[in-house]
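Count residues from 1 along the sequence.
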Amino acid sequence: MTPKEKWLAQAIEYFAAHGVGDASLRSIATGLGTSHRMLIHHFGSREGLLSEVVRAVEAQQRAALADLAVDDLPLRESWQRFWDKVVDATLIYGHLFFELSAHAMQNRPYAQGLRNDLIAVWLPPLTEICLRSGMGRKEAPAFARLSLAATRGLLFDLLLTGDRKGVDEAHLLLDRLFQELVEQPADSRNS
């Protein structure tokens, strides 16, 4: 593990335990047992460190998504477990995620790497899940994008309202719509 990877892993653990809030780079460095200069050396700035944290957490969530493919559980149960993991991560890192997503939209230099990581890298594995579930090749890419957008919207809703029950119900409805689309005869989907 490189020193940068070590500091990133420690930062992820630190933020999971303490949250991010408005912590300065100096206070983050103190919490990690290093200096702010060391973090600047590896990440460029506080925002650069936070961007790397978001990218790493997103990568962990994509790895959990990949586990759906090798899971022996029925897809619906695996999908629910994945949802629960995403919600848990969102409750810790969600505010940071949405803040840095906005920074990526504003083309801030430290958030450039997020532009690709937030959408494009999610679409192939989600499309593959749709195809494995029996969805047609024509619908799978669009539903993958819709699923990602709806899920992100529900997570945003959760952070703003705190209404886990309402968000879970909406997620179940999305899953039911997915199942109905998959179970629909192919000839009626193409008309």
From CE (Met105) to CG (Leu118), nearest 0.5 Å: 8.5 Å
Counterpart residues, ring-ring contact (aromatic ring centres under 6.0 Å, His included), relative to Phe98 (two or more places apart): Phe156
Residue list, side-chain hydrogen bond (donor to acceptor under 3.5 Å, both in side chains) with His171, at least two apart or on another chain: none
Pairs flagged by salt bridge (Lys or Arg N to Asp or Glu O under 4.0 Å) wherever residues 30-48 is involved - sequence neighbours left out: none
Shared-cluster residues of Leu131, by chain and number - hydrophobic side chains joined below 4.5 Å: none
Shortest non-hydrogen contact between Tyr14 and Ile28, atoms and distance: CE2-CA, 4.4 Å
Exam field: side chain Gln112 to backbone Asn107, donor-acceptor pair closer than 3.5 Å: yes
Side chain to side chain, Leu154 and Val87, heavy atoms closer than 4.5 Å: no
Joint cluster assignment, Ile129 & Val121, ILVMFWY side-chain distance < 4.5 Å: yes
Side chain to side chain contact (heavy atoms under 4.5 Å, CB included) evaluation trace for Gln106 with His103: CA-CA 5 Å; Gln106 296 163 357; His103 293 184; 4.0 Å; yes
Residue pairs, two or more places apart or on separate chains, that pass salt bridge (Lys or Arg N to Asp or Glu O under 4.0 Å) and touch residues 1-11: none
Cluster link Met1 to Leu32, ILVMFWY, side chain under 4.5 Å: no
Side chain to side chain, His42 and Leu49, heavy atoms closer than 4.5 Å: no
Considering all heavy atoms, the nearest Cys130-Phe178 contact: SG-CE1, 3.7 Å
Any residue meeting side-chain hydrogen bond (donor to acceptor under 3.5 Å, both in side chains) with Glu180, in chain and number order, not counting sequence neighbours: none
Non-hydrogen side-chain atoms of Thr151 and Leu174 separated by less than 4.5 Å: yes
Greater than 12 external heavy atoms within 6.0 Å of Arg164's CZ: yes
Atom of Trp122, atom of Asp117 and distance for their closest heavy-atom approach: CD1-O, 3.5 Å
Nearest non-hydrogen partners of Pro141 and Thr127, listed with the distance: CA-OG1, 3.7 Å
Those residues that, when tested against Phe15, pass ring-ring contact (aromatic ring centres under 6.0 Å, His included) (two or more places apart): none
Partner set under side-chain hydrogen bond (donor to acceptor under 3.5 Å, both in side chains) for Arg62, not counting sequence neighbours: none
Smallest separation among heavy atoms of Trp79 and Ser147, with atom names: CZ2-OG, 4.1 Å
Test log, rule side chain to side chain contact (heavy atoms under 4.5 Å, CB included), inputs Leu159 and Phe97: CA-CA 11 Å; Leu159 291 172; Phe97 170 84; over 6 Å; no
side-chain hydrogen bond (donor to acceptor under 3.5 Å, both in side chains) partners of Arg152, counting only residues at least two apart: Glu58
Non-hydrogen side-chain atoms of Leu126 and Leu65 separated by less than 4.5 Å: yes
Set of ring-ring contact (aromatic ring centres under 6.0 Å, His included) partners for His36, sequence neighbours left out: none
Nearest-0.5 Å distance, CD of residue Gln61 to OG1 of residue Thr90: 6.0 Å
Shared-cluster residues of Leu173, by chain and number - hydrophobic side chains joined below 4.5 Å: Leu177
Residues which pass side-chain contact (heavy atoms from CB on, under 4.5 Å) with Ala149, listed by chain and number, not counting sequence neighbours: none
Rounded distance (nearest 0.5 Å) linking atom CD of Gln10 with atom CH2 of Trp7: 5.0 Å
Between CD on residue Gln80 and NZ on residue Lys85, distance to nearest 0.5 Å: 12.5 Å
Pair Leu155-Val167, side chain to side chain contact (heavy atoms under 4.5 Å, CB included): steps then yes or no: CA-CA 8 Å; Leu155 296 172; Val167 168; 5.7 Å; no
Nearest atoms (heavy-atom pairs only) where Leu50 meets Leu96: CB-CD1, 3.7 Å
Working for side chain to side chain contact (heavy atoms under 4.5 Å, CB included), residues Arg145 and Ile119: CA-CA 8 Å; Arg145 187 176 293 273; Ile119 305 294; 3.9 Å; yes
Leu8 and Val53, any side-chain heavy atoms less than 4.5 Å apart: yes
